[in-house]
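What follows is one structure encoded as structure tokens, with my remarks underneath.
Reckoned from all heavy atoms, side chains included, excluding hydrogens, waters and symmetry mates.
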Amino acid sequence: MKIGYARVSTQDQNEQLQVDALKQSGCEKIYVDHASGAKEDRPELIKALDHLRDGDALVVWKLDRLGRSLKHLIDVIHTLEEEGKSFHSLTEGMDTSTPGGKMIFHVFGALGEFERDLIRERTNAGLKAARARGRVGGRKAKLSPSKVKQLLKMYNSKEHTTRELRDLFGISQPTLYRYINEAKAIV
């Protein structure tokens, strides 16, 4: 069975072109979302994926209708493949139930991995260059050194609960214990 999925970004856009193409391709059921492709929360896509059974195909008019993120596309298509379902994109002529379609999918996957590696490489180079100029990355410390001393003194006195200390200093429980553990490591 072919299950169609269409998406338009706004309520003003018309999904009829997509719906007509999906019907013409033999889709028995069509789900339509009115949401940005960047949004992960698309209820009709979730329904379409839930409707699919072993041997079924998810069909879209164009690849970008499924999602804008290459990682998301690869994740969805890979999950379909693992569950014995296929994916068809009418415009790109992609059909993962065929050897050629699987090859195209894997090429997209390799390109996505290459893109992620390039981003990681550029990020690391930028961080290294910033450190060489004396800039230190990371979030600014929540408490000043004097406040940390005060916190540790109050904690060690055992006159206050951890909840009282968290509320007094405006920090979370993990942050409180991180300061305590760092102090223990120094001693």
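Summarising the geometry of His88 relative to Asp95, their closest heavy-atom pair is NE2-OD1, 3.0 Å, with the distance given to 0.1 Å. The two atoms that bring Asp54 and Gly84 nearest to each other are OD1-O, 3.2 Å, heavy atoms only. Residues Gln18 and Trp61 approach most closely at CG-CE3, 3.7 Å, considering heavy atoms. Taking both residues in full, the closest heavy atoms of Lys85 and Leu49 are given as NZ-O, 4.3 Å, listed atom of the first, atom of the second, then distance. Here the shortest heavy-atom pairing between Val60 and Leu66 reads CG1-CB, 4.3 Å. Heavy-atom minimum distance, Ala21 versus Leu90: O-CD1, 3.6 Å.
Of the possible donor and acceptor atoms, none in the side chain of Arg135 sits under 3.5 Å from a partner among the backbone N and O of Ala132. Between the Ser89 side chain and the Met94 main chain, no donor and acceptor come within less than 3.5 Å of each other. The main-chain N or O of Met1 is found under 3.5 Å from a side-chain atom of Asp56 such that the two form a donor-acceptor pair. A donor-acceptor contact shorter than 3.5 Å links the side chain of Asp33 to the backbone of Glu44.
The side-chain hydrogen bond (donor to acceptor under 3.5 Å, both in side chains) test applied to Arg120 returns Asp117, not counting sequence neighbours. Scanning for side-chain contact (heavy atoms from CB on, under 4.5 Å) contacts around Lys62 gives Asp64, Arg65, Thr91, Glu92, with sequence neighbours left out. Partners of Thr175 according to the side-chain contact (heavy atoms from CB on, under 4.5 Å) rule, which considers only residues two or more places apart in sequence or in another chain, are Ile171, Ser172, Arg178, Tyr179. Remark: Arg122 pairs with Leu118, Ile119 by the side-chain contact (heavy atoms from CB on, under 4.5 Å) rule, at least two apart or across chains.
Between atom NZ of residue Lys142 and atom NZ of residue Lys140 there is a gap of 10.5 Å, rounded to the nearest 0.5 Å. Between atom CZ of residue Phe169 and atom CD of residue Gln150 there is a gap of 4.0 Å, rounded to the nearest 0.5 Å. For the atom pair CZ (Phe87) and CG (Leu52), the distance works out to 11.0 Å, reported to the nearest 0.5 Å. For the atom pair His34 NE2 and Arg42 CZ, the distance stands at 13.0 Å (nearest 0.5 Å). Distance check, rounded to the nearest 0.5 Å: NZ of Lys2 to NZ of Lys23 gives 15.5 Å.
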>> As a quick check of understanding, evaluate side-chain contact (heavy atoms from CB on, under 4.5 Å) for Met154 and Leu165, giving each step before the final call.
In response: CA-CA 8 Å; Met154 292 173 78; Leu165 292 172; 3.7 Å; yes
> Yes or no on side-chain contact (heavy atoms from CB on, under 4.5 Å) for Leu151 and Ile180, after CA distance, side-chain angles and deciding distance?
Replying inline: CA-CA 9 Å; Leu151 168 71; Ile180 292 167; 5.6 Å; no
>> Under the criterion side-chain contact (heavy atoms from CB on, under 4.5 Å), I'd like the reasoning laid out for Gln16 against Val19: C-alpha separation, chi angles, the key distance, then a yes or no.
In response: CA-CA 5 Å; Gln16 204 54 54; Val19 171; 4.0 Å; yes
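Placement of Leu152 and Leu168 within a single hydrophobic cluster is found when ILVMFWY residues are connected by side-chain heavy-atom separations under 4.5 Å, directly or transitively. In the hydrophobic clustering of this structure, Tyr31 groups with Leu73; members are Ile, Leu, Val, Met, Phe, Trp, Tyr whose side-chain heavy atoms approach within less than 4.5 Å, directly or through other members. Criterion: ILVMFWY side-chain heavy atoms under 4.5 Å apart, direct or through other members. Under it, Leu80 and Ile30 are not part of a common hydrophobic cluster.
For residues 153-166, the set of pairs meeting the side chain to side chain donor-acceptor pair (under 3.5 Å) definition, not counting sequence neighbours, comprises Arg166-Gln173.
In summary, of the residues considered (Val32, Leu58, Val59), a side chain to side chain contact (heavy atoms under 4.5 Å, CB included) with Tyr5 occurs for Leu58 alone.
No more than 12 heavy atoms of other residues, nucleotides or ligands sit less than 6.0 Å from atom CD of Gln24.
Through direct or relayed side-chain contacts under 4.5 Å between Ile, Leu, Val, Met, Phe, Trp and Tyr, Leu127 connects to no other residue.
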